Amino acid sequence: MDPMTFRANLEGFPDLPRWMRYTQRSPTHKAYLYGSPTETGKQVIEVTAYNRQTFETVKQRFIFNILPSPALQTPFQAEFLIANLDVEEMLPPEAQLDFQAPLQAVWGAQRTTILNITSALDKGGRVPLPLPGHKEGVFIKLGSDVPFSDCLIESQAIEARQLCQKRGQPILSCNNQFANRFQIDWCNTSLIYFSAPLPTQPPHLYSGIMDDESEFNPPSETLEETYYLTDYLLTLLLPTLIALLLCAFLSYIMCCRREGIEKRDGETSAIQLVHQQSIFSNTEELRHMAGNRDVPRPLSTLPMFNVRTGERASPRQLHDDSARVPLILSQH
């Protein structure tokens, strides 16, 4: 058989209904659609099959006509966690019958109805380690019109719950009646009793339109007036006042506290101030001389002899001819 994978969705929608689940362990295993409907009506499920070997694709539509539950009532409901099975191992009818048979003997009921089967992962269970013997676990919920037996009531006793808090398993008198195939986690067993008959149909949703010849009685109590002045002051004016105070404080620090410069000058020695003033005046003089190129060049910058001819010249003579004597004579 070729490996197959499937994709299921509600017609016109990308996902399945909330009450329906899809599971398939691997392309070589069977795929299951399961769940308990929560409302009546007609729902169309589209299933697309992919052949992983030939890459063929087939789409098929399944129509589910969900009708109200029969007149059989199940006021007594019990939910069990089977720890050594996965959900797809509990979905075949044979596995369900194998579990119902010993449970009916323990419950003392001639008939039990399976109400729901859910994976433990959908109820917050942990993903098991990928090792042999580690299963996800499956919750199975059954109902009957017969009251609970003493063995089932023992699982809800105070002593059993205290043992569960210590991470132990309560020892019940009827535990041996279940086959070794089903390992029931009695700490996650819950019993539910509905004193009133269960509704067979969902409650009527009113449209909000009054019937003919009916009167509307408004409530007698009047609503008290609410004043939002205090909320307005706290929400708008208080942040504005805080912002103004911060701006005034920063302006005072930046503009009014200028005594730092005078304090620095008072602590500086007179020699350093004179040195700084001389540097400043010399800098200004150099800038003035650089702006006026007609002033004679300093004598220290003129050459003392002609590099080409070797003739010596006095500094004064070179100073007179400084306008036409270059600093570095051209060499040919």
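Computed over heavy atoms, backbone and side chain alike; hydrogens, waters and symmetry mates excluded. Just so it is clear, the structure is predicted and the values come from calculations on it, not from any experiment.
- Hydrophobic clustering (side-chain heavy atoms under 4.5 Å, transitive across Ile, Leu, Val, Met, Phe, Trp, Tyr) keeps Tyr252 apart from Leu244.
- In His134, the NE2 atom is crowded: over 12 heavy atoms of neighbouring residues, nucleotides or ligands sit closer than 6.0 Å.
- No donor-acceptor pair under 3.5 Å is formed between the side chain of Ser36 and the backbone N or O of Ile117.
- For the pair Phe80/Leu152, a side-chain contact is recorded, criterion being any heavy-atom separation below 4.5 Å from C-beta on.
- Looking only at distances, no side-chain donor or acceptor of Ser155 sits under 3.5 Å from a matching main-chain atom of Trp186.
- Remark: side-chain polar atoms of Gln24 are paired, donor with acceptor, to backbone N or O of Met4 under 3.5 angstrom.
- If you take CG on Leu10 and CZ on Arg18, they are separated by 13.0 Å, rounding to the nearest 0.5 Å.
- Taking a 6.0 Å sphere around CD1 of Ile271, one finds it holds 12 or fewer heavy atoms contributed by other residues, nucleotides or ligands.
- Here salt bridge (Lys or Arg N to Asp or Glu O under 4.0 Å) pairs that include residues 270-286, with residues two or more places apart or in two chains, are Glu284-Arg287.
- Apart from Val44 itself, the hydrophobic cluster it occupies contains Ile63, where clustering links Ile, Leu, Val, Met, Phe, Trp and Tyr at side-chain heavy-atom distances under 4.5 Å.
- The main-chain N or O of Leu91 is found under 3.5 Å from a side-chain atom of Gln96 such that the two form a donor-acceptor pair.
- The one candidate from Phe6, Phe62, Tyr22 that meets the side-chain contact (heavy atoms from CB on, under 4.5 Å) condition with Leu33 is Tyr22.
- Atom CE of residue Met20 and atom CD of residue Gln43 lie 6.5 Å apart, to the nearest 0.5 angstrom.
- Leu115 is not connected to Ile66 by any chain of hydrophobic side-chain contacts under 4.5 Å among Ile, Leu, Val, Met, Phe, Trp and Tyr, and they are in different clusters.
- Distance OG/Ser251 to CG/Leu246: 10.5 Å, rounded to 0.5 Å.
- Under the 4.5 Å side-chain heavy-atom criterion for grouping Ile, Leu, Val, Met, Phe, Trp and Tyr, Val106 is connected to Phe76 within one hydrophobic cluster.
- Taking every heavy atom of both residues into account, Ala120 and Glu136 meet most closely at CB-O, 3.2 Å.
- Expressed to the nearest 0.5 Å, how far CG of Leu81 lies from CD1 of Ile140 amounts to 11.0 Å.
- Counting heavy atoms from C-beta outward, Tyr34 and Thr23 have side chains that approach closer than 4.5 Å.
- A pairwise comparison of heavy atoms in Val146 and Gly108 identifies CG1-O, 3.9 Å as the closest pair.
- Residue Ile45 comes nearest to Phe64 through the heavy atom pair CG1-CE1, 3.5 Å, listed as atom of the first residue, atom of the second, then distance.
- Annotation: side chain of Gln77 is in contact with side chain of Lys141 (closest heavy-atom distance under 4.5 Å).
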Next on the checklist: Before you tell me yes or no, could you show the steps for Trp19 and Glu39 under side-chain contact (heavy atoms from CB on, under 4.5 Å), namely the whole-Å CA-CA distance, both residues' side-chain angles and the distance that decides it to 0.1 Å?
Outcome noted: CA-CA 9 Å; Trp19 58 268; Glu39 58 182 7; 5.7 Å; no
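- You'll find the side chain of Glu89 stays beyond 4.5 Å of the side chain of Val138, heavy atoms only.
- Residues Gly137 and Asp86 approach most closely at N-OD1, 4.1 Å, considering heavy atoms.
- Note that OG1 of Thr48 is 6.5 Å distant from CG of Asn9, once rounded to the nearest 0.5 Å.
- Side-chain N or O atoms of Gln100 include one that pairs as donor or acceptor with a backbone N or O of Thr112 at under 3.5 Å.
- A salt bridge does not link Lys42 with Glu11: none of the charged nitrogens is closer than 4.0 Å to a carboxylate oxygen.
- The shortest distance between side-chain heavy atoms of Glu159 and Pro170 does not fall below 4.5 Å.
- Other residues, nucleotides and ligands contribute more than 12 heavy atoms inside 6.0 Å of the NZ atom of Lys123.
- With contacts defined as side-chain heavy-atom distances shorter than 4.5 Å, the pair Leu142/Phe99 qualifies.
- Side-chain atoms of Cys187 and Gln169, non-hydrogen and from C-beta on, do get closer than 4.5 Å to each other.
- Ile171 and Ile158 fall into different hydrophobic clusters, where Ile, Leu, Val, Met, Phe, Trp and Tyr are joined by side-chain heavy atoms under 4.5 Å apart, directly or via other members.
- Inspection of the Gln156 and Arg161 side chains reveals an N or O donor paired with an N or O acceptor under 3.5 Å.
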Item to check | Derivation of the side-chain contact (heavy atoms from CB on, under 4.5 Å) call for Arg25 and Glu88 | outcome: CA-CA 8 Å; Arg25 188 61 55 178; Glu88 62 268 14; 2.6 Å; yes
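- Between the side chain of Trp107 and the main chain of Pro147, a donor-acceptor pair closer than 3.5 Å is present.
- Going from atom CG of Leu229 over to atom CG of Leu233 covers 4.5 Å, rounded to the nearest 0.5 Å.
- Checked against side chain to side chain contact (heavy atoms under 4.5 Å, CB included), Leu236 has the following partners two or more places apart in sequence or in another chain: Tyr232.
- Both Ile82 and Ile114 belong to a common hydrophobic cluster when Ile, Leu, Val, Met, Phe, Trp and Tyr are linked at side-chain heavy-atom distances under 4.5 angstrom.
- Residues Thr28 and Pro3 come closest through the heavy atom pair CG2-CB, 4.4 Å.
- No more than 12 heavy-atom neighbours from other residues, nucleotides or ligands sit within 6.0 angstrom of CG on Asp150.
- Here the side chain of Asn84 pairs a donor or acceptor atom with the backbone of Gln183 at under 3.5 angstrom.
- When side chains are defined from C-beta on, Phe182 counts as touching Met90, because their heavy atoms get closer than 4.5 Å.
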